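Comments concern the structure below.
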Amino acid sequence: MKNIIPPVKGTRDFYPQQMAIRVWLYNIIRQVSESFGYQEWDAPFLESLELYAAKSNEEMVKEQSYVFEDRGGKLITLRPELTPSLARMVAQKQNVLVFPLRWWSFGPFWRYERPQKGRTREFFQWNVDLLGPDSPEADAENVAVLATFFKTVGLTPKEVLIMVSDRCLLDAQLSAFDIPAESRAAVSAWIDQRDKLSAEAWRAKASELGLSDEQLSQIEAMLADKELWKNSAELIRFFKAIETLGLSDYVRFDAGIVRGFTYYTGTVFEAWEVGGDIRRSILGGGRYDKLLADVGGDRLPAVGYAMGDVVITLMLEKYGLLPKDLKVSPAPVLVTVFDHERLLESYALASELRRTGLSVTCYPEPAKLPKQFKFADRMGIRLVTVVGPDEAAAGKVTLKDLARGKQVTVAREKAAEAIRQALAKVLAS
RNA sequence: GUGGCUGUAGCUCAAUCGGCAGAGCACUUGACUGUGGAUCAAGGUGUUGCGGGUUCAAGCCCCGUCAGCCACCCCA
């Protein structure tokens with residue numbers, strides 16, 4: 001690598017091999033989303049900075065967003081998340097859209113962070129949102145989409161769990177512990193950090209926040225209480241609905257789930273690897289009933305989540321769930337060029353075959369046959385045609401199946417049919 | 001923004017105490033003048049990330065810098 005300009009830090013190059021995986025993931029996401037009746041949509045990749053101001057996590061806007069001034073002097077942001085755009089677009093057409101609204105999206109996002117395992121500066125996110133209803137059953141349906149995704153890709157509850165809590169429940173508990181409303185946000189953030197800090201460091205921060213020893217032990221008891229959800233009428237309904245949907249295995253209550261975004265108002269959830277070494281949430285989401293009003297629309301209840309492609313791909317790779325031998329060559333047929341004089345004859349044959357609906361690659365220049373066969377082999381092209389002087393004189397085409405190592409010579413009019421038959425043959429392996 | 005580790009051929013890596021730049025894979029060409037994978041032969045494989053310093057001598061030691069990876073912060 002001499003004078004090659006390096007890629008931008010934190011970006012990924014999608015060579016055909018990686019692109020095939022990305023498309024594979026996209027297809028599963030689409031299939032799962034649409035099986036619940038969600039519609040695909042997308043927002044601009046560029047938004048104005050003020051869309052995110054005070055709506056998202058403050059650090060994300062101030063330090064992790066790509067912001068630049070356009071030629072007109074306006075501050076433009078490369079979208080770091082999708083939800084504010086969703087709120088904006090729904091608010092714009094609130095009287096036109098049909099509710100309940102189910103929308104899903106898969107596209108690129110940018111955050112200026114230090115790249116590391118499972119994190120890049122440019123990444124893709126799957127967003128699934130349900131707007132209109134404010135019921136726990138709606139939350140359950142939204143969570144069901146993602147549990148169904150896990151099931152579809154082959155991740156079991158032994159490998160991944162969706163941890164659920166409710167900010168209202170947390171707030172009520174903190175209130176019951178006599179923690180004043182103005183410090184609850186900081187206390188919530190501190191609770192969110194519990195898995196990341198050592199027990200000593202975490203407890204030490206409690207006194208910094210002005211918590212008494214009694215309050216600390218009350219909070220620790222709360223976090224350990226697996227039955228706390230039974231104090232919440234909403235969570236009782238939520239888990240009942242999850243059970244009815246047949247997905248209880250994937251969903252657990254955890255009072256320690258808080259989430260960083262300030263716009264969440266009720267149910268919050270994250271998916272985590274079970275006891276594994278991926279110390280990072282696979283996805284996160286929750287209810288955000290006030291966001292639409294915050295961007296200037298009428299109040300509209302909403303619930304949704306976002307899953308990044310980087311961590312989920314790590315998970316799938318770790319558990320051997322990524323597809324092997326993804327097809328990277330779209331055309332299963334190579335038309336070889338026998339010599340310089342027959343180049344255009346090959347083009348003509350390839351064109352004939354394409355008109356019958358086949359995908360066909362034609363070697364673009366005369367070359368030795370071994371070279372062309374090797375090309376086909378390395379590209380994963382299964383069938384090769386040869387038209388040399390013998391075939392041309394007899395009006396025939398030789399067709400070799402590289403996978404089976406067998407070849408036949410057929411009349412040129414029958415070539416397309418013979419190719420279809422050969423492709424239909426299942427390999428012994 | 002903070003800390004740690006690592007930079008050698010296209011890729012994965014080796015090089016003893018500081019003493020002449022190495023292996024495998026891949027690539028190109030040829031054994032195969034109408035047939036891929038396998039085997040064999042011949043070959044480019046190179047500013048040792050970059051800049052400076054110490055030394056008779058630096059891939060190796062020192063300083064700086066850049067890049068990558070990993071952890072923290074935060075998050076998907």
Side-chain angles (χ1 to χ4, degrees), chain A residues 1-12 15 25 56-65 79-83 106-128 146 189 192-193 195-198 201 258-262 269-273 277-286 304-315 334 336-339 342 363 366-392 397-409:
Chain A
M1 282 245 280
K2 277 186 189 170
N3 295 310
I4 299 173
I5 294 168
V8 173
K9 188 186 187 81
T11 60
R12 290 168 293 166
Y15 290 87
L25 182 66
S56 310
N57 168 309
E58 196 173 327
E59 176 166 346
M60 185 190 288
V61 179
K62 284 189 177 161
E63 303 185 14
Q64 300 182 346
S65 291
R79 61 180 190 184
E81 57 157 336
L82 190 62
T83 310
F106 184 78
F109 295 86
W110 295 266
R111 288 183 200 168
Y112 193 84
E113 299 183 274
R114 193 105 173 231
Q116 56 184 275
K117 196 177 180 68
R119 186 169 71 191
T120 56
R121 287 182 173 180
E122 178 179 68
F123 55 96
F124 285 79
Q125 252 189 9
W126 175 37
N127 279 260
V128 180
L146 98 88
D192 197 30
Q193 290 181 312
D195 286 339
K196 291 161 188 165
L197 301 175
S198 68
V258 178
R259 313 265 320 128
F261 292 122
T262 53
F269 52 92
E270 291 177 349
W272 287 82
E273 185 188 10
D277 49 10
I278 299 177
R279 301 295 306 148
R280 187 187 296 281
S281 70
I282 298 164
L283 58 85
Y305 65 86
M307 181 185 81
D309 72 311
V310 183
V311 178
I312 191 67
T313 302
L314 271 182
M315 277 287 284
L334 174 72
T336 60
V337 175
F338 192 81
D339 56 28
R342 292 177 206 280
Y363 208 83
K368 290 179 179 175
L369 280 180
K371 189 172 179 181
Q372 298 185 59
F373 270 71
K374 190 166 185 172
F375 167 76
D377 184 55
R378 298 201 55 191
M379 287 297 292
I381 297 173
R382 186 169 159 194
L383 297 175
V384 174
T385 71
V386 179
V387 179
D390 299 345
E391 289 89 349
V397 174
T398 292
L399 178 64
K400 179 158 184 177
D401 185 334
L402 294 188
R404 296 166 71 236
K406 293 177 181 172
Q407 71 177 48
V408 290
T409 300

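Labels below follow one simple rule: chain letters A, B, ... track the order of the sequence lines, proteins then strands, and each chain is numbered from 1. All figures in this text were calculated on a predicted structure; none of them were measured in a lab.
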Name the closest nucleotide to the A:Arg119 side chain, picking from B:G68, B:C73, B:U2. B:C73
So, is A:Arg259 close to the B:A76 phosphate, meaning a side-chain N or O under 4.0 Å from OP1 or OP2? yes
Between the side chain of A:Thr385 and the main-chain N/O of A:Leu399, is any donor-acceptor distance below 3.5 Å? no
Does the structure show a Watson-Crick or G-U wobble partner for B:C61, both distances under 3.5 Å? Name it, or say none. B:G53
Could you give the distance separating B:G22 and B:G46 at their C1' atoms, to the nearest angstrom? 11 Å
Who does B:A41 pair with, Watson-Crick or G-U, both distances under 3.5 Å? B:U29
Among B:G34, B:A71, B:G36, find the nucleotide with the atom closest to the side chain of A:Pro370. B:G36
Which atoms of nucleotides 38-45 of chain B (N or O only) lie under 3.5 Å from a protein N or O atom, and what are those distances?
none

What nucleic acid atoms does A:Leu283 come within less than 4.0 Å of, heavy atoms only: base, sugar-phosphate, or nothing? sugar-phosphate
Do side-chain atoms of A:Arg111 reach the backbone of A:Pro80 as a donor and acceptor pair under 3.5 angstrom? yes
List the steps, then state whether side chain to side chain donor-acceptor pair (under 3.5 Å) holds for A:Glu391 with A:Thr398. CA-CA 7 Å; A:Glu391 289 89 349; A:Thr398 292; 2.5 Å; yes
How would you label the contact of A:Ile312 with the nucleic acid (heavy atoms, under 4.0 Å): base, sugar-phosphate, or nothing? nothing
Does the structure show a Watson-Crick or G-U wobble partner for B:A71, both distances under 3.5 Å? Name it, or say none. B:U2
5'-most by nearest nucleotide on RNA chain B - A:Thr398 or A:Phe123: A:Thr398
Donor-acceptor pair (no angle test) under 3.5 Å: A:Glu270 side chain, B:A76 base: no
So what does A:Glu391 touch, heavy atoms closer than 4.0 Å: a base, only the sugar-phosphate, or nothing? base
Could you work out, with salt bridge (Lys or Arg N to Asp or Glu O under 4.0 Å) as the rule, every residue matching A:Arg119, not counting sequence neighbours? A:Glu113
Of the nucleotides B:A76, B:G36, B:C70, which has the atom closest to the A:Lys117 side chain? B:C70
Between A:Phe269 (CZ) and B:A76 (P), how many Å, whole number? 11 Å
Between A:Arg259 and A:Asp192, is there a side-chain N and carboxylate O pair less than 4.0 Å apart? no
Complementary nucleotide of B:A14, counting Watson-Crick and G-U pairs under 3.5 Å: none
Select base, sugar-phosphate, or nothing to describe what A:Phe109 touches, counting heavy atoms under 4.0 Å on all strands. nothing
Minimum-distance nucleotide (side-chain atoms of A:Pro389 versus B:C70, B:A76, B:G34): B:G34
Inter-nucleotide C1' distance (B:U54, B:G1), Å rounded: 35 Å
Which is more 5' along RNA chain B, the nucleotide nearest A:Lys371 or the one nearest A:Phe338? Just name the residue. A:Lys371
Give A:Asp309 one of three labels, base, sugar-phosphate or nothing, depending on what nucleic acid heavy atoms sit under 4.0 Å from its own. nothing
The nucleotide from B:C74, B:G34, B:C69 with an atom nearest the side chain of A:Arg114 is B:C69
For B:U47, the Watson-Crick or wobble partner whose two distances fall under 3.5 Å: none
Check every strand shown and say whether A:Thr409 touches a base, only sugar-phosphate, or nothing at a heavy-atom separation below 4.0 Å. nothing
State whether A:Gln125 places a side-chain N or O below 4.0 Å from either non-bridging phosphate oxygen (OP1 or OP2) of B:A76. no
What residues form a salt bridge (Lys or Arg N to Asp or Glu O under 4.0 Å) with A:Arg12, not counting sequence neighbours? A:Asp309
Applying a 4.0 Å non-hydrogen cut-off, can you work out what A:Gln372 is touching in the nucleic acid: base, sugar-phosphate, or nothing? nothing
Which whole-number value in Å describes the distance from A:Asp377 CG to B:G37 P? 7 Å
Can you tell which of B:A76, B:G36, B:G4 lies closest to the side chain of A:Phe373? B:G36
Would you tell me if any nitrogen or oxygen in the side chain of A:Lys368 comes within less than 4.0 Å of OP1 or OP2 on B:G30? yes
Side-chain donor/acceptor of A:Glu122 to backbone N/O of A:Pro108, under 3.5 Å: no
Remember a base hit wins even if backbone is also touched, and classify A:Ala306 as base, sugar-phosphate or nothing at under 4.0 Å, heavy atoms. sugar-phosphate
